[in-house]
There are 2 protein chains.
Amino acid sequence: MDDALDFSALVLALSGQLVQEIHTTVSQQGFADLRPAHGFAFARISAGGATTADLAEHLGVTKQAAAQLVEELVRKGYVERLPHPHDARARLLALTATGWAATRAADQAARAAVAAWREVLGETRFGELVTDLRRLAPRGPIRPAW
Amino acid sequence: MDDALDFSALVLALSGQLVQEIHTTVSQQGFADLRPAHGFAFARISAGGATTADLAEHLGVTKQAAAQLVEELVRKGYVERLPHPHDARARLLALTATGWAATRAADQAARAAVAAWREVLGETRFGELVTDLRRLAPRGPIRPAW
DNA sequence: TCCACATAGACAAGCTGGTTGACGAGTTAT
DNA sequence: ATAACTCGTCAACCAGCTTGTCTATGTGGA
């Protein structure tokens, strides 16, 4: 009956492996200057309409930290800052072509990792698993947890 | 057919929530000076027979970083360094009574979080979920991933 | 219309948790 | 006996975040 502790460990192990696999693959595909944490920023920026302050809230950090992250991503060529159409103070963040390429690489890596799991479990069981997880996982932004 | 990206997000969200919940509960129970990362150290130390170098390998960091972590946990009263029975260079790490209390608090918090999930899914479905996850999750130490 | 207040982002300083590198003391293998 | 390795420590440094302050711009009520 002590599945509980096991289950916690399993969830942590699984997410750790997922992050690690995506990171490794993305690195190998020529985006070695990106770290796992960047993915969470890409997720928000790719959704569109994000300012630095939006990003800060999404990531759960101060806007200074977000600004620093954006600065880094701009310098590395993944993100650009456009003038905001309605607010002269703000700058609209957008992915560059390189940024989109990195995002696609990460998505594909995630799909590949999941595909392996899907194969292990079989289609039926995998579908049930997704259904179950959907009922458990909280809504809201995905962000680094520790 | 695009469960794949969803699934990744779900796993990350779930583990994030788990970590967050455990951390919050443990903090409230009087261990506010512990952070999620400490849990991974406690896991190794509570298993027994750990030296600082062992801990470093478990956590995947340098031994200097592990030594610093141990120093902090000793200062806060969670860990003690005992002489090593067979090796005069090494020191055996052990949890203090307080360290064990914190470990129990974290375990209980994990159980509580999982219990909530178990209730949502029902006993049967939960059992299947654990079985599935066991087939997917890698072996080896649980460590912070990003 | 004006003004008090809120918000976006920049600048600066400082902290924390990690890194690399070098070392003395102790252990192990040749 | 000695060469090579390992445990833990000291020191310097760095990355990524924090708090605090500031200017420019936007917003809403008297």
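Naming: A, B, ... by sequence-line order, numbering from 1 per chain.
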B:D107 side chain to B:R104 backbone, donor-acceptor under 3.5 Å: no
Within residues 51-59 of chain A, residues whose heavy atoms come under 4.0 Å of DNA chain C: A:T51, A:T52, A:A53
Heavy-atom closest contact (B:L5 atom, A:A110 atom, distance): CD2-CB, 3.9 Å
Scan nucleotides 14-19 of chain C against the protein and return all N/O pairs shorter than 3.5 Å with their distances rounded to 0.1 Å.
unit_1	atom_1	unit_2	atom_2	d
C:dG17	OP1	B:R35	NE	3.2
C:dG17	OP1	B:R35	NH1	3.4
C:dG17	OP1	B:R35	NH2	2.7
C:dT19	OP2	B:T62	N	3.1
C:dT19	OP2	B:T62	OG1	2.5

Under 3.5 Å donor-acceptor, B:H23 side chain and B:L34 backbone: yes
With sequence neighbours excluded, residues passing salt bridge (Lys or Arg N to Asp or Glu O under 4.0 Å) with B:R89: B:D87
Range on DNA chain D touched by chain A, heavy atoms, distance below 4.0 Å: D:dG16 to D:dG26
Distance-minimising heavy-atom pair for B:Y78 and B:A102: CE2-CB, 4.0 Å
Criterion side chain to side chain contact (heavy atoms under 4.5 Å, CB included) on B:F126 and A:D132, from CA distance to verdict: CA-CA 8 Å; B:F126 180 81; A:D132 285 348; over 6 Å; no
Where B:A4 and A:R111 come nearest, the two heavy atoms and their spacing: CB-CG, 3.7 Å
Derivation of the side chain to side chain contact (heavy atoms under 4.5 Å, CB included) call for B:V130 and B:L133: CA-CA 5 Å; B:V130 172; B:L133 289 186; 5.9 Å; no
Taking every non-hydrogen atom, the tightest pair across B:L93 and B:T52: CD1-N, 3.9 Å
Produce the list of close N/O pairs, under 3.5 Å, pairing protein atoms with atoms of nucleotides 27-30 of chain C; give distances to one decimal.
unit_1	atom_1	unit_2	atom_2	d
C:dT27	OP1	B:A88	N	2.9

For atom CG of A:L92 and atom P of C:dA8, their distance in whole Å: 13 Å
Shortest non-hydrogen contact from B:I142 toward A:A13: CD1-CB, 3.7 Å
Residues B:R81 and B:E71 bridged, charged N to O under 4.0 Å: yes
Five-pair end axes of the helix from C:dT1-D:dA30 to C:dT30-D:dA1 and the angle they enclose, rounded to 10°: 20°
Minimum heavy-atom distance between A:Q29 and A:A105, given as atom pair plus value: OE1-CB, 3.8 Å
Aromatic plane relationship, B:W117 with A:F7 - under 30° parallel, 30 to 60° tilted, over 60° perpendicular: perpendicular
Greater than 12 external heavy atoms within 6.0 Å of A:Q108's CD: no
Side chain to side chain contact (heavy atoms under 4.5 Å, CB included) assessment of B:R44 paired with B:L59: CA-CA 9 Å; B:R44 176 64 189 89; B:L59 296 177; over 6 Å; no
